[in-house]
Amino acid sequence: MNHWLFKSEPDTFGIDDLAAQPRRSTHWDGVRNFQARNMMRDDMKRGDLGFFYHSSCAEPGIVGIVKVVRGGYPDHTAFDSASKYFDADSDPSDPRWYMVDVRLMRKFDRPVDLQTLRRHADGKLKDMLVLRKGNRLSITPVTPGEWKFILSLVRE
DNA sequence: GCCAACGTTGGC
DNA sequence: GCCAACGTTGGC
């Protein structure tokens, strides 16, 4: 089983939006970056777990845990000219973009904020991609060691 | 709002 | 295939 980190801007779609969905589940659409696409299409499997990360906001950080309930499949919003994620170059017979379905498993009472993560940027989290300067990937892999360590930082 | 960092595009 | 320009991301 793999672990991941899903970035989202809470002003657009935050963890409370996910909690409000039917069955606390949604498709993770709109990823328009090839590296992230490849990971979703090729490596993300049903049963994988991921951190839900809030970015571009007052308190960036990890706010909860999601489970991948459906592995990579074509992102239909790319075919929808009314969607803000429309991509005329994505051919339905050869889809360019992929998405997965996720379900909210847990919302932390207190987020593990970016400051806290950074405190370990020279230690247990030294290779954590989301802490790397200039990182812009909205989907990043998380190692089992990072996963376990970050869980130990969660305070209920 | 600023700025650094990066991915993508497009001209050559 | 190179690389400058551009647009976007994301923390502050």
Side-chain angles (χ1 to χ4, degrees), chain A residues 2-21 26-44 48-66 68 71-102 104 106-143 145-147 149-155:
Chain A
N2 291 317
H3 297 93
W4 307 95
L5 183 142
F6 294 82
K7 260 191 228 171
S8 189
E9 300 183 20
D11 290 346
T12 305
F13 189 86
I15 195 162
D16 291 329
D17 297 305
L18 180 55
Q21 298 298 308
T26 193
H27 30 246
W28 200 265
D29 59 14
V31 173
R32 295 293 180 266
N33 168 284
F34 289 106
Q35 261 182 281
R37 187 281 308 268
N38 292 347
M39 287 188 275
M40 287 201 298
R41 186 189 59 188
D42 304 333
D43 302 326
M44 210 177 274
D48 286 357
L49 295 174
F51 290 127
F52 194 115
Y53 179 92
H54 279 173
S55 67
S56 294
C57 58
E59 291 179 5
I62 295 170
V63 293
I65 293 174
V66 297
V68 175
Y73 64 105
D75 181 343
H76 55 74
T77 63
F79 312 133
D80 176 4
S81 60
S83 168
K84 64 175 170 172
Y85 299 125
F86 177 64
D87 180 357
D89 293 334
S90 186
D91 176 352
S93 68
D94 182 21
R96 172 183 278 199
W97 304 114
Y98 280 69
M99 60 186 181
V100 299
D101 290 353
V102 299
L104 181 62
R106 182 173 170 195
K107 179 186 170 182
F108 300 151
D109 290 339
R110 279 188 268 179
V112 180
D113 60 24
L114 184 59
Q115 279 186 318
T116 303
L117 294 172
R118 282 207 194 289
R119 221 167 281 140
H120 302 280
D122 293 326
K124 299 258 190 185
L125 302 181
K126 68 175 163 47
D127 297 321
M128 187 123 186
L129 292 172
V130 80
L131 300 180
R132 198 168 289 175
K133 196 173 182 182
N135 166 68
R136 293 164 42 185
L137 273 183
S138 61
I139 305 280
T140 48
V142 172
T143 69
E146 290 163 350
W147 182 267
F149 180 71
I150 290 169
L151 284 184
S152 79
L153 299 175
V154 177
R155 298 168 189 288

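Proteins come first, then strands; the chains are lettered A, B, ... in the order of their sequence lines, and each starts at number 1.
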**Student:** In Å and rounded to the nearest 0.5 Å, what is the OG1 to CG distance from A:Thr12 to A:Asp17?
**Tutor:** 9.0 Å

**Student:** Does a side-chain N or O from A:Arg118 land closer than 4.0 Å to OP1 or OP2 of C:dC12, or not?
**Tutor:** yes

**Student:** Does the side chain of A:Ile65 reach to within under 4.5 Å of the side chain of A:Phe108, using non-hydrogen atoms?
**Tutor:** yes

**Student:** Return the orientation label for the A:His120 and A:Phe149 ring planes: parallel under 30°, perpendicular over 60°, tilted otherwise.
**Tutor:** perpendicular

**Student:** Roughly, in whole Å, what's the span from CD1 in A:Ile139 to C1' in B:dG7?
**Tutor:** 16 Å

**Student:** What are the residues of residues 126-135 of chain A, sorted by number, that bring a heavy atom to within less than 4.0 Å of DNA chain B?
**Tutor:** A:Lys133, A:Gly134

**Student:** Expressed as a whole number of angstroms, how long is the span from A:Glu59:CD to C:dC12:P?
**Tutor:** 12 Å

**Student:** How close or far is atom C1' of C:dT8 from atom CZ of A:Phe34, stated in whole angstroms?
**Tutor:** 15 Å

**Student:** Would you mind classifying the nucleic acid contact of A:Ser56 as base, sugar-phosphate or nothing, using non-hydrogen atoms under 4.0 angstrom?
**Tutor:** base

**Student:** Which whole-number value in Å describes the distance from A:Gln115 CD to C:dC12 C1'?
**Tutor:** 11 Å

**Student:** Please state how far atom NZ in A:Lys84 lies from atom C1' in C:dT8, giving the value in whole angstrom units.
**Tutor:** 14 Å

**Student:** At under 4.0 Å, does any side-chain N or O of A:Tyr53 touch on OP1 or OP2 of C:dT9?
**Tutor:** no

**Student:** Calculate the interatomic distance between A:Met39 atom CE and B:dG7 atom C1'; express it in whole Å.
**Tutor:** 13 Å

**Student:** Applying side chain to side chain donor-acceptor pair (under 3.5 Å) to A:Asp101 and A:Tyr73, what does each step give before you reach the verdict?
**Tutor:** CA-CA 9 Å; A:Asp101 290 353; A:Tyr73 64 105; 2.5 Å; yes

**Student:** Grab the CZ-P distance between A:Arg32 and C:dT8 for me, whole Å please.
**Tutor:** 14 Å

**Student:** So, A:Asp80 and A:Thr77: side-chain donor and acceptor under 3.5 Å apart, yes or no?
**Tutor:** no

**Student:** Is the shortest side-chain N to carboxylate O distance from A:Arg32 to A:Asp87 below 4.0 Å?
**Tutor:** no

**Student:** If you only use heavy atoms from C-beta on, which nucleotide in C:dG10, B:dG7, C:dG11 is closest to the side chain of A:Lys7?
**Tutor:** C:dG10

**Student:** Without decimals, in angstroms, what is the distance between A:Asp87 CG and C:dT8 P?
**Tutor:** 14 Å

**Student:** If you apply the rule ring-ring contact (aromatic ring centres under 6.0 Å, His included), what do you find for A:Phe34 with A:Trp97, and how did you get there?
**Tutor:** CA-CA 8 Å; A:Phe34 289 106; A:Trp97 304 114; 4.8 Å; yes

